[in-house]
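Taking it in order: structure first as structure tokens, then the write-up.
Residue numbering restarts at 1 for every chain, and letters A, B, ... go by the order of the sequence lines. The structure presented is a predicted model; accordingly, all values stated were derived computationally and were not measured.
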2 protein chains.
Amino acid sequence: MLTRKTKQKEFVIENLKKRFDHPTALQIYNDAKDQKIGIGEVSIYRILNNLVKEGAVCKIVTKDNVAHYDFVRGNHIHLVCNNCNQIFDKEFGSDEKLSKIIKDFHISIQDIVLYGCCNDCAKTLKKTDK
Amino acid sequence: MLTRKTKQKEFVIENLKKRFDHPTALQIYNDAKDQKIGIGEVSIYRILNNLVKEGAVCKIVTKDNVAHYDFVRGNHIHLVCNNCNQIFDKEFGSDEKLSKIIKDFHISIQDIVLYGCCNDCAKTLKKTDK
DNA sequence: CTCTTAATGAAAATGATTTTCAATAAGAAA
DNA sequence: TTTCTTATTGAAAATCATTTTCATTAAGAG
């Protein structure tokens, strides 16, 4: 299935590339409106979802249940404050122990949830891969 | 503010204590219905939220945006499969490196989000503590 | 220039969770 | 035990970010 270049897609990508504040879909939409670029809110959501699926953009959901987006640049993980809902970039050190991060960011062990892919699904998905 | 003992609260706690499958609010609600215990769905949500606030229960949200709950027992973290939405308990080793977990559960660095409390909020909250 | 269909956008739908508020009941006080 | 306060419950309605629908628009291949 071919992919077409559209001003809407271009705008979302450029907007994300130039900022580092993990904006929401609404913030990107408002930027587009301010700049008199015609994009509907729905399209922002659709474009963001596609970018996330492609792996070009990552999605961070804060505890107030709002999705934030970040252009994937390098090796950092995201720390989210449950109180102020701010998102912090944290450099990923491959030698870093989980216990160190837990201590530094006041994380409760019971609150740690990591999203990935279980072995069974990994096997199945590998087969399905073209 | 005093806390009252109710059959609704008791049921939710007992239900969570005896099971290890990270149920949703709806699953707990259905169990109550099956056992002819009168509890409204809303109350399940309210009770669960309170238990989470108290730290007795933890909440795990899968990628299909549904909250699951787990009675806090010991030191384990949760791994969630983005494909089948299954939740796995993983023993927490204080010496374990993040990179090891990442490899074992097919986690992308860009997808790692840890929820805790930033230093500024930690300070403020400490003051507010009674 | 044409034509196919990918992409858009407005409105409506979704769906888990939260809010509202009147009714109920826990448990302290009399 | 009875009374009384108010914590708790529950049904219905509201919320709200996000998704779906489907008719319209426009990329870009031929």
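For the 3.5 Å distance criterion, the side chains of B/H106 and B/N83 fail to qualify, holding no donor opposite an acceptor.
Comparing C/dA7, D/dT5, C/dT18 by their closest approach to the side chain of B/R4 singles out D/dT5.
The nearest whole Å value for the distance from the NZ atom in B/K5 to the C1' atom in C/dA26 is 11 Å. Rounded to an integer number of Å, the gap from CD1 of A/I39 to P of C/dG9 is 7 Å. When the P atom of C/dT18 is taken as reference, atom CD1 of B/I47 falls 13 Å away, rounded to whole Å. For the pair B/F11 CZ and D/dT9 P, the computed distance is 14 Å after rounding to whole Å. The distance from atom OH of B/Y29 to atom P of D/dA11 is 7 Å, rounded to the nearest whole Å. Atom NZ in A/K33 sits roughly 14 Å away from atom C1' in C/dA10 (whole-Å rounding). One interatomic measurement links the two molecules: CZ of B/R46 to P of C/dT19, which rounds to 10 Å at whole-angstrom precision. B/L48 places its CG atom 15 Å from the P atom of D/dT8, with the value rounded to the nearest Å.
The shortest distance between the side-chain N/O atoms of A/T6 and the OP1/OP2 oxygens of C/dA6 is not below 4.0 Å. Under 4.0 angstrom from either OP1 or OP2 of C/dG9 there lies at least one side-chain N or O belonging to A/Q8.
Side-chain rings of A/H22 and A/H78 approach one another, their centers coming within less than 6.0 Å.
With hydrogens and angles ignored, the 3.5 Å screen pairs no side-chain donor or acceptor of B/K59 with any backbone N or O of B/L48. A side-chain donor-acceptor contact under 3.5 Å links B/Q27 to the backbone of B/T24.
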All N/O contacts under 3.5 Å from nucleotides 16-18 of chain D to the protein, with atom names and distances to one decimal?
| residue | atom | partner | partner atom | Å |
| --- | --- | --- | --- | --- |
| D/dT18 | OP1 | A/A67 | N | 2.9 |
| D/dT18 | OP2 | A/Y45 | OH | 2.6 |

